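Only one structure is covered here, and it is reproduced in the block below.
Here is how names work: the chains are called A, B, and so on, in the same order as the sequence lines, proteins then strands, and each is numbered from 1. This one's a predicted model, so the numbers in the text were calculated from it and none came from an experiment.
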Amino acid sequence: MGGTVSCPDFDLAGTLASGQVFRWTQGQSPPQGRRAGPAFTGWIGPAPVRIAQEDSILSFQGTSAQAVRAFFSLDLDLPAIARSIDVDPFIHAALQSHWGLRVIRQEPWESLASFILSAFNNIPRLTGMIEELSVRFGEKPDGVGPLRGPTPFAFPRPEALARVSERALRRCGLGFRAPYLRAAARSVAGGAADLERWGGLDDDALREKLLQIPGVGEKVVECVMLFGYGRGGAFPVDVWIGRAMRSGYFRGRRRTDRRIREFARRHFGPMCGWAQQFLYCQARGARHRGAWHHQGLRTSLEAAFPSGSIS
DNA sequence: ACCCAGGTGAGGG
DNA sequence: CCCTCACCTGGG
């Protein structure tokens, strides 16, 4: 299966690099075509996929156009979302710098597991852990031929991980996260956590349910809601967003994550999760450009968020 | 060698 | 509620 889909207001490379998903890699050779961008390989649900962008056209192999659209939220109107969250100079700058960024919708289980593993971790290591788990416990779909990515193994199903000992999980480098992931897998596999059915719940009910899963706290809940269930009103506050928000909206003063989240929901409205993604990339971009290594935190954030503070 | 990382859960104020 | 702290490892 393969084909093309139209993708206005979309930045494939930027979206895949924005810390929402951890199993996509840039392929070696761009597909034929003068203005084609690099090809990426990864997974959309159970299917290994290869995909490349040329202007406003996405060409892909391995899955359906509908799956591609859903995965990258191409069915949503980014300009409309942007207008709704474009309420101050900080977010405005972030929207401009990262135009085309979209919130990805991946499977709730993979999202849940990935963000459980993100605790007190860094992205390179997290990526390695997920890779290791997939190689050892993921299924290999039949007929993985021409579009084989880095790993011909799917992300492990909860049933598979539920059978694995904590010790074996630790051997994948999970450290103290091993019992958390194991407990979550057992909870899902055993039916106590019915991720599929929970898709029908409203935000508050879903939040409450997810929070009961072992190893899942407020931050992970928001990530799963945003990246796994497509809930635009979720607002994960990680260290990067925390810094950015304190700097931009609270004059650098301490605020609890909860307060930051509540402020963001009021301030940005029902699609605040998208604002989060843009601000996250903006804050992280400042670090990648070296700002935080060579200057103080405050000054670098001012570089990342060029206007004066509000609120 | 040394520091630190996209958090959670437990304990106490 | 809010604050503090320990926590497995391996990238940088």
Study note, to complete from the structure: With the side chain defined as heavy atoms from C-beta on, A:Phe176 is closest, among C:dG12, C:dC7, C:dC2, to C:dC7
Review point. What nucleotide among B:dG6, C:dC3, B:dG7 has an atom nearest to a side-chain atom of A:Trp240?
Key: B:dG6
Review point. What does A:Pro214 touch in the nucleic acid at a heavy-atom separation under 4.0 angstrom: a base, only the sugar-phosphate, or nothing?
Key: sugar-phosphate
Check your understanding: What nucleotide, of C:dC3, C:dC1, C:dC8, holds the atom closest to the side chain of A:Thr256?
Key -> C:dC3
Point to revise | Interatomic distance at P, B:dT8 relative to C:dG10, whole Å | key: 22 Å
Check your understanding: Atom CG of A:Asn121 and atom P of B:dT8: how far apart are they, to the nearest Å?
Key -> 13 Å
**Study point:** Gap between atoms CD and C1', on A:Glu166 and C:dC8 respectively (whole Å)
**Key:** 11 Å
**Study point:** Counter-base of B:dG6, judged by Watson-Crick or G-U geometry with both distances under 3.5 Å
**Key:** none
Check your understanding: Checking all strands, does A:Ile123 fall into the base, sugar-phosphate, or nothing category for heavy-atom contacts under 4.0 angstrom?
Key -> base
Exercise for review: Round to a whole Å and report the spacing from CG of A:Asn122 to C1' of B:dG6.
Suggested key: 9 Å
Exercise for review: Calculate the interatomic distance between A:Glu132 atom CD and C:dG11 atom P; express it in whole Å.
Suggested key: 11 Å
Study note, to complete from the structure: Note: for A:Leu211 and A:Gln276 on DNA chain B, the residue whose nearest nucleotide lies more 5' is A:Gln276
Check your understanding: Would you say the side chains of A:Trp99 and A:Asp9 form a donor-acceptor pair under 3.5 Å?
Key -> yes
Point to revise | Under 3.5 Å side-chain donor-acceptor pair for A:Tyr229 and A:Asp203 | key: no
**Study point:** Within the 6.0 Å centroid threshold, strictly below: A:Phe22 and A:Phe115
**Key:** yes
Check your understanding: Taking the same atom, P, in B:dA10 and in C:dC8, what whole-Å distance lies between them?
Key -> 14 Å
**Study point:** A:Tyr180 OH to C:dA6 P, straight-line distance once rounded to whole Å
**Key:** 15 Å
Exercise for review: May I ask you to check whether A:Gln20 and A:Ser18 show a side-chain donor-acceptor distance below 3.5 Å?
Suggested key: yes
Study note, to complete from the structure: Checking B:dA5, B:dT8, C:dG11 against the side chain of A:Pro124 (C-beta onward), the nearest is C:dG11
Exercise for review: Give A:Gly173 one of three labels, base, sugar-phosphate or nothing, depending on what nucleic acid heavy atoms sit under 4.0 Å from its own.
Suggested key: nothing
Review point. Under 4.5 Å between side-chain heavy atoms, hopping through other hydrophobics if needed: is there a path connecting A:Leu174 to A:Phe153?
Key: no
Check your understanding: Between A:Arg207, A:Arg258, A:Arg259, which is the residue that forms a salt bridge (Lys or Arg N to Asp or Glu O under 4.0 Å) with A:Glu218?
Key -> A:Arg258
Check your understanding: The side chain of A:Arg125 lies closest to which of these nucleotides: C:dT9, C:dT4, C:dG12?
Key -> C:dT9
Review point. C:dC8 base to A:Arg170 side chain: any donor-acceptor pair below 3.5 Å?
Key: no
Check your understanding: Under 4.0 Å between a side-chain N/O of A:Arg254 and OP1 or OP2 of C:dT4, yes or no?
Key -> yes
Check your understanding: At under 4.0 Å between heavy atoms, what does A:Val216 touch on the DNA or RNA strands: base, sugar-phosphate, or nothing?
Key -> sugar-phosphate
Exercise for review: With heavy atoms under 4.0 Å as the rule, sort A:Gly175 into base, sugar-phosphate or nothing.
Suggested key: base
Exercise for review: Tell me what A:Arg177 touches on the nucleic acid: a base, only sugar-phosphate, or nothing, going by heavy atoms under 4.0 Å.
Suggested key: base
Exercise for review: Would you kindly give the CZ-to-P distance between A:Phe115 and B:dG7, to the nearest whole Å?
Suggested key: 11 Å
Review point. Any idea how A:Phe120 and A:Phe176 line up, ring-wise: parallel (<30°), tilted (30 to 60°), or perpendicular (>60°)?
Key: tilted
Exercise for review: Go ahead and name the base partner of C:dC8; Watson-Crick or wobble counts if both distances stay under 3.5 Å, otherwise write none.
Suggested key: none
Practice item. Rounded off to whole Å, could you give me the CZ-to-C1' distance for the A:Arg261 and B:dG6 pair? Key: 14 Å
Review point. Counting side-chain heavy atoms from C-beta on, which of B:dG6, B:dT8, C:dC7 comes nearest to A:Cys223?
Key: B:dG6
Point to revise | Whole angstrom value for the distance that separates C1' of C:dC8 from CZ of A:Arg182 | key: 17 Å
